[in-house]
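Input: a single structure, listed below in structure tokens.
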Amino acid sequence: MDIDPENLVAVLQRIHDQARLDNLRITQHAHQEMVAEDITLDQVKEALGASELLENYPQHQRGACCLLAGRTSDGRPLHVVCTTAQPALIVITVYEPKLPKWITPRQRRAR
């Protein structure tokens, strides 16, 4: 399946806009991860606002979503998995990418 790069740009712009306008919801799972990793809602918004799209899942069984990489204002890297086709941005999970799963915030460890 070919991925239209212009569509990905539009998806990312929509996510940035939704985060900027506070048009988002946090799932219970995302909230639990935020508490466990000491991540604030403001940090999630900061990371979303300047994020880049790492992986897009337009055909996911539970609905279109994507994996974003961003940084907080103090440089903390965060990954956010969120919806891409809902009226409000739904944050599914959020975490700090680190070993053993992630070598860098943009590079997964080989399986």
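For this chain, numbers begin at 1 and follow the sequence in order. Heavy-atom basis, side chains included; hydrogens, waters and symmetry copies ignored.
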Rounded distance [0.5 Å steps], [atom1] in [X] versus [atom2] in [Y]:
X: N7; Y: N56; atom1: CG; atom2: CG; value: 7.5 Å
X: W102; Y: R108; atom1: CH2; atom2: CZ; value: 4.0 Å
X: I15; Y: C66; atom1: CD1; atom2: SG; value: 3.5 Å

Answer with yes or no whether the hydrophobic clustering places [X] together with [Y]; edges join I, L, V, M, F, W, Y residues whose side-chain heavy atoms lie under 4.5 Å apart.
X: L89; Y: V81; value: no
X: V80; Y: V11; value: yes
X: L41; Y: I39; value: yes

In terms of heavy-atom contacts, A69 and P105 come closest through CB-O, 4.2 Å

Could you check whether any side-chain N or O of [X] sits under 3.5 Å from a backbone N or O of [Y], counting only pairs where one atom can act as donor and the other as acceptor?
X: T27; Y: I92; answer: yes
X: H79; Y: L67; answer: no
X: E33; Y: T93; answer: no
X: T83; Y: A85; answer: no
X: E37; Y: M34; answer: no

Salt-bridge criterion met for D17 and R14 (N-O under 4.0 Å): no

Can you tell if the side chain of [X] reaches within under 4.5 Å of the side chain of [Y], non-hydrogen atoms only?
X: E52; Y: R106; value: yes
X: T72; Y: E46; value: yes
X: V94; Y: Q43; value: no
X: D22; Y: K45; value: yes

Stepwise side chain to side chain contact (heavy atoms under 4.5 Å, CB included) check, I90 with C82: CA-CA 5 Å; I90 300 171; C82 63; over 6 Å; no

Taking only residues two or more places apart in sequence or in another chain, which ones pass side chain to side chain donor-acceptor pair (under 3.5 Å) with N23? none

Over 12 foreign heavy atoms within 6.0 Å of NE2, H31: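 No, NE2 of H31 has 12 or fewer neighbouring heavy atoms, counting only those of other groups under 6.0 Å.
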
Exceeds 12 heavy-atom contacts within 6.0 angstrom, atom CD of Q107: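 Yes, CD of Q107 has more than 12 neighbouring heavy atoms, counting only those of other groups under 6.0 Å.
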
Pairs touching residues 63-90 that satisfy salt bridge (charged side-chain N to carboxylate O under 4.0 Å, His left out), sequence neighbours left out: R76-E96

